[in-house]
Every structure is written in C-alpha cells, then in structure tokens.
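Lettering of chains follows the sequences in order, A, B, ..., and the numbering in each one begins at 1.
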Protein chains: 2
Amino acid sequence: MFTRYGFNHTSLSQILATTGLTKGGFYFHFKSKENLALAVIEALKECWAKEILPKLKEGKDARENLKLMFSAPGDCCNSSEGIRPTILLLNLATEMLEVNDKFSTMLSQIIKDWWTILEAIIEQGKSEDIFRSDLDNQSVAAIILCNVMGANLLALLNKEPAFYNRQLSSFERVLFIGIEKN
Amino acid sequence: MFTRYGFNHTSLSQILATTGLTKGGFYFHFKSKENLALAVIEALKECWAKEILPKLKEGKDARENLKLMFSAPGDCCNSSEGIRPTILLLNLATEMLEVNDKFSTMLSQIIKDWWTILEAIIEQGKSEDIFRSDLDNQSVAAIILCNVMGANLLALLNKEPAFYNRQLSSFERVLFIGIEKN
DNA sequence: CACAAAACAGACCCATCGGTCTGTTTATTC
DNA sequence: GAATAAACAGACCGATGGGTCTGTTTTGTG
C-alpha cells in the first residue's frame, strides 16, 4: 500500500482494514505508523541481503554479478505481482527524508550498501581483466545505481512493469561497451 | 514545500501560512489542493519549455545539446536554492500516480516530451556523423532519462545537491565512449 | 489449574485535514 | 459615483487522521 499510494496517503485504518488487524494489536507491536515504515525498510534490506548476497558469492565473473545486481531490485521479496521495493524506497525518500532523520539514515545506508557492492564488482572485473583498468569504480557504480533507480521510476510512470527489465538489458549493452576492455 | 515534505505531508494550512494567503483567496483560484499540484506541474513544464527549447534551437551539435539536457533539470525555474523540480516530479509520481489519473497523464507526458527530444538529439548526432549509426535512439534516450532521474534521487539521498552535476558529468564521459563513433 | 504476562480488540480522543460558506473589500464598467 | 463582478478574508464544518486507554482473550509457566 505504501508503494501504491505513498506513505502519507495510506492511513492506518486502511492498513488495518485490508490486513484484518486491529489498532490494539498494531500498537502493541509498533510504536507508530512511521515505525512500521521503518520496519518495512528494515525487512526489505534483510530480505534483499538474504537473497542477493549469497548469489554474489557463487564465484561468477563480474559481468554475471552485475547482471545479478540489475535483476535484484525486481526479484527480491517475491515482488512478482508488481510490488517494486525500489519504488517504496523512492517514495519514502521523497516523502520522509526531510521529516524524520531515521528514514534519512536508513535509506542512504541501503543505497550505500548497493554502491559498495557495485564498486567491488567493478574492481573484480578489473582484476579479471575484462573491464578497463582506468575506470573509477565509484563513478561507474554510481551510474549503474542511477540507472536502476531511474528505470524503476520510468517503469512506474509508464505503468508497465516489464519496462524495467527491457531498460536494464539495453543499459547493460551500452554500459558494457563503455567499460569492457575492447 | 511539496518537494521537501511531499504532497500529502504538506497541508493547505501550512501552504497558506507560509505564503500569507487565505483560504478564501486560494479556493477562488484553485478547485482543490490536488489542482494546485497539477498547476505546479503545468508551470514547471512551461517554465522548462521556455528555458530549454530555445537553447536547443541555437544550432549546437548533438554533444552540446545533450549536455544542455543534462543541466536542464537543475537549471530550470531558478532552482538555485536546492529546489529540484525533478524531485517534485518524482514525489508526485510515487504519491499520486495511483490516486488521480490526471497526475498520471501529466507526469508521463513530461517524461515523454523529454524522451522525444533526447531521441531527436541522438538522431542529430548520427546525421552529424559523431554518434554510431547502429544506436537505437529510443534506448539510448531512455538510458539518459534514467540517469537524470536517478542522479536527482541520489543527490537527494546524499543530501548533497552538487552530487547531481558531478554524477551527470561522469555519466557523460562513459556515455560518450559508448555512443560516439570511435 | 491458577496466575501473570503477552497479545489483541475496539471504543474513544482531539487535532487537523481539505473544503464550504457567508461576508467584506477591491476593481471594473457605464 | 452607483452598480456589478472579481477577489479576498476567515469563521465554520464534517470527516478522518494517528494515537491512547480500558478492557478481554490467549499463552506460557509453576
């Protein structure tokens, strides 16, 4: 619901109604509505870590690992029915960043985690001698990150979830031309 | 205020208080709060068109025109004090897309406009013989679009407006390597 | 099976939300 | 300068927001 209607436009009553829970139950487990959203982010982070990190340790080459990172934002948390975790992240960023520091901290931490992993993969590609050695890991990682974010948003705006995968694979081609050792 | 706190987290009372307007005055000019946001988008669109389109007709080459498009989201509407129109767009997309069809229509129209212009610039680059002729205009344009969106978001998350320009110029380098005729 | 703590249910609360409505003031036109 | 419409002011309204509080039920433990 947060992903669909945004955090502030989803009332607790609506959440309770659709889940069949009650206020008493809810406020026993969560201090506030904001706290629920924070828990959702936390869960998202854990879920993503649990699903992606192991795959990255399977010893694939940098190319494959990058592709893995591309599919991650869509795959994680069984988001097959169009629940795009990245959109939630995006929404909470634009709604809550200036309102509550906790959101600011958590969200930028997630991004930083992704960033670090992407950097590591670029570095891996260099040592595997498939990426150009003059690349700035951080910059390339940032470009990838931007694309993943943007592609999610455009998929949302187009109301066409499949757009994301199409976009990412076309980005992949151009990116590889730019970073691979010729 | 919409950019900072999101549409739903900005109350009309707050808007009236900070602008010094009154409800009577406001509702004489706007049918609703949503209508105000739509007017903001419209204004943004016009402002951008008025500022960017003329520059695109100055007869610069495709490279220069692309750079122009990169700086557009930050430049337009005198957003020097950190008001990033793109963030507003992003926020309204995640908050209002599923709520009100008008937002959906207007926002995706803006994106489509950008897209079309970017495609034209890629095509221009081909005919100027500086971009590879095998490029798919639409795909490359989409990649650029994604990057612009993503870079805005990352600048927001990093709470560092300057990030946007840094990011875009580093993207520029990689992009040009990928699309330019060697 | 007693009994305490954990978990849940939902009536209730007040602040505030977007929006309306009845004035009053300011422009415009003849 | 009277008449009329445009523009504004702000008291007011019902609805709903997140959140509290007083119970009741369930669960674990001796």
Rounded to whole angstroms, how far apart are [atom1] on [X] and [atom2] on [N]?
X       : N       : atom1 : atom2 : result
H9(A)   : dT16(D) : NE2   : P     : 12 Å
F2(A)   : dG18(D) : CZ    : P     : 9 Å
L36(B)  : dC17(C) : CG    : P     : 15 Å
Y5(B)   : dC17(C) : OH    : P     : 14 Å
N100(A) : dG18(D) : CG    : P     : 15 Å
L12(A)  : dC12(C) : CG    : P     : 19 Å
N8(B)   : dG18(D) : CG    : P     : 11 Å
Y27(B)  : dC21(C) : OH    : C1'   : 13 Å

*Residues of residues 87-98 of chain A with any non-hydrogen atom less than 4.0 angstrom from an atom of DNA chain C: list those, numerically ordered, please.*
none
*Any donor-acceptor N/O pair, K126(A) side chain to L135(A) backbone, under 3.5 Å*: yes
*Any donor-acceptor pair under 3.5 Å from W115(A) side chain to Q138(A) backbone*: yes
*asked:* Do N35(A) and K102(A) pair up side chain to side chain, a donor and an acceptor below 3.5 Å, judged on atom types alone?
replied: no
*asked:* Going by the rule side chain to side chain contact (heavy atoms under 4.5 Å, CB included), which residues pair with E160(A) if we only count those two or more places apart in sequence or in a different chain?
replied: N158(A), A162(A), F163(A), R166(A)
*asked:* Please determine whether a side-chain nitrogen of the Lys or Arg among D134(A) and R132(A) lies less than 4.0 Å from a carboxylate oxygen of the Asp or Glu.
replied: yes
*Ion pair present between E180(A) and R63(A), side-chain N to carboxylate O less than 4.0 angstrom?*
yes
_Strictly below 4.0 Å: does S13(A) bring a side-chain N or O up to OP1 or OP2 of dG17(D)?_
yes
*Side-chain N,O (S32(B)) to OP1/OP2 (dG18(C)) below 4.0 Å*: no
Least distance between heavy atoms, [X] atom then [Y] atom:
X       : Y       : answer
S108(B) : L157(A) : CB-O, 3.8 Å
N91(A)  : F2(A)   : OD1-O, 4.1 Å
L153(A) : A93(B)  : CD1-CB, 4.4 Å

*Base versus backbone protein contacts along nucleotides 7-12 of chain D [heavy-atom cut-off under 4.0 Å; B, S, -]*: BSBB--
